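Here's the structure, in structure tokens; my notes come after.
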Amino acid sequence: MKEALQQIRSEALTALAQAGDPQELETLRIRFLGKKGALTSQLARLGRLSPEERPVVGQLANAIRQEIDDLLKTRLTELQRAQLAERLLEETIDVTLPGQAPPLGRIHPMTRVLDEVKDIFLGMGFGVVEGPEVETTWHCFTALNTDEHHPARDRQDTFYIADDIVLRTQTSSVQIRHMLANRPPIRIISPGRVYRKDEVDATHSPMFHQIEGLVVDRGVTMGHLKHTLDTLMKAIYGAETRTRFRPHHFPYTEPSAEVDILCYMCHGAGCRVCKGEGWIELLGCGMVHPKVLSLCGIDPDVYSGFAFGIGLERITLGRFSIDDMRLLFENDMRFLAQF
Ligand code: DAH
């Protein structure tokens, strides 16, 4: 039996020395010292020995158990230390390496101009409202006194979704929606996307933005309209900016006008930007047509109003002296980062 014990001892010592991780040590502990382990089953046989041999073999067995147990503990500490050292090496952080700066976005130039315009109008007591981009032909044309035969309704010019549904060609449709749902006094602007079948070039895009304005109250005159737009242009382009109102025609205003500003590049001399005109056309406007007011349930004998529609791209190009509208939509960071 002594030989068997020595055999167990040497097997255990070799195995423990070779164990590679703490789990393996645990398996070895069970194999040698566990309840059904090799050493334990030897001890169970002590009873069969003679009374003289029993204490000697018993002592030997205990010494071996102690030795294995000690070695288990030592090996466990060693392996845990080695594991820790390995992890520390793997997970080393070099705090001297330069960090990664997250790329910062910027406010798009059109958003900046729109925010400025909103500020100016909020300061004059206007509210900001929105309307749908997918619109009925009734809101977009019919209610705006634009009959079936008007060229704006032509399928060549407009994106139709169904016979009576279009991608709105102008934000003027929001005037109708707002007047149907609200009573005067009304003072709103309504910015948003509009769509037309235009070819893309330096000054055209099938999708662009307008800012609609609408004021309806007792005693509103063309003078209020001119002052409001003059205030807007001076706030955007500077106090020396000059505006010019030219007679024009829109079905939903009477009288109607187009508004130009003195060219911000050449100050009237004529240049590439104003195409030699000295003036740049910025928007359409007028006094809301009595028919439109009536249709929205507002009595034109009591109330009058003015309305306007400005192209946001146009204002932005001028504000930052950008000479090609496509730059606003391409979202090239090298361009956008300049604002
Ligand atoms: N809807 C016109 C356009 O798209 C702009 C416009 C002109 C808006 C006169 C108005 C207005 O509100 O009264 O060209």
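One is the number of the first residue; the rest follow in order along the sequence. Everything numeric in this text was worked out from a predicted model, so none of it was measured. In each ligand, atom 1 is the first atom listed, and ligand 1 is the first ligand listed. Reckoned from all heavy atoms, side chains included, excluding hydrogens, waters and symmetry mates.
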Exactly one of R193, E135, E212 should register a side-chain hydrogen bond (donor to acceptor under 3.5 Å, both in side chains) with T171. Which one does?
E212
Taking the non-hydrogen atoms of E258, is any one of them nearer than 4.0 angstrom to ligand 1?
no
Can you list the atoms of ligand 1 that are under 4.0 Å from a heavy atom of C285?
7 (C), 9 (C), 11 (C), 13 (O)
Using a 4.0 Å cutoff against the non-hydrogen atoms of G286, which atoms of ligand 1 qualify?
13 (O)
Describe, in one word, how the ring planes of H209 and F329 are oriented to each other, choosing from parallel (under 30°), tilted (30 to 60°) and perpendicular (over 60°).
parallel
I'd like to check which ligand 1 atoms, numbered from 1 as shown, lie under 4.0 Å from a non-hydrogen atom of Q210.
3 (C), 4 (O)
Determine whether any heavy atom of F306 lies closer than 4.0 Å to an atom of ligand 1.
no
For atom 13 (O) of ligand 1, grab the closest protein heavy atom and report residue, atom and distance to one decimal in Å.
T253 CG2, 3.0 Å
For atom 12 (O) of ligand 1, what is the nearest protein heavy atom, given as residue, atom name and distance?
E212 OE2, 2.5 Å
Closer than 4.0 Å to some heavy atom of F250 - which atoms of ligand 1 meet that?
7 (C), 9 (C)
Could you check atom 2 (C) of ligand 1 against the protein and tell me its nearest heavy-atom contact, residue, atom and distance included?
Y252 OH, 3.1 Å
Give me the nearest non-hydrogen protein atom to atom 8 (C) of ligand 1 as residue plus atom name, then the distance to 0.1 Å.
G309 N, 3.2 Å
Please say whether A307 places an N or O atom under 3.5 Å from an N or O atom belonging to ligand 1.
yes
Closest approach of L328 and L317, non-hydrogen atoms and distance?
CD1-CD2, 3.8 Å
Between CZ of F308 and CD1 of I310, what distance do you get to the nearest 0.5 Å?
5.0 Å
Establish, for the pair R112 and F339, whether the NZ or CZ atom is under 6.0 angstrom from the six-membered ring centre and no further than 45 degrees off its axis.
no
Under 4.0 Å from one or more heavy atoms of Q170, ligand 1 contributes atoms 1 (N), 2 (C), 4 (O)
At under 4.0 Å between heavy atoms, what of S172 touches ligand 1? The answer is side chain
Pairwise distance CD(Q338) to CZ(R106) - rounded to 0.5 angstrom
9.5 Å
Polar side-chain atom of R314 near backbone of E281 as donor-acceptor pair, under 3.5 Å:
yes
Looking only at protein heavy atoms, which one is nearest to atom 14 (O) of ligand 1, and what is the separation?
R196 NH2, 4.0 Å
Determine the sole option in L232, I261, D260 for which the side-chain contact (heavy atoms from CB on, under 4.5 Å) test with T243 is passed.
I261
Just checking, R196 and F208: is the charged tip under 6.0 Å from the six-membered ring centre and within 45° of the axis?
no
Please assess T92 against R87 for the test side-chain hydrogen bond (donor to acceptor under 3.5 Å, both in side chains), listing each intermediate value before the final yes or no.
CA-CA 8 Å; T92 309; R87 266 188 63 190; over 6 Å; no
Heavy atoms only, cut-off 4.0 Å: how does H248 contact ligand 1, side chain, backbone, both, or neither?
neither
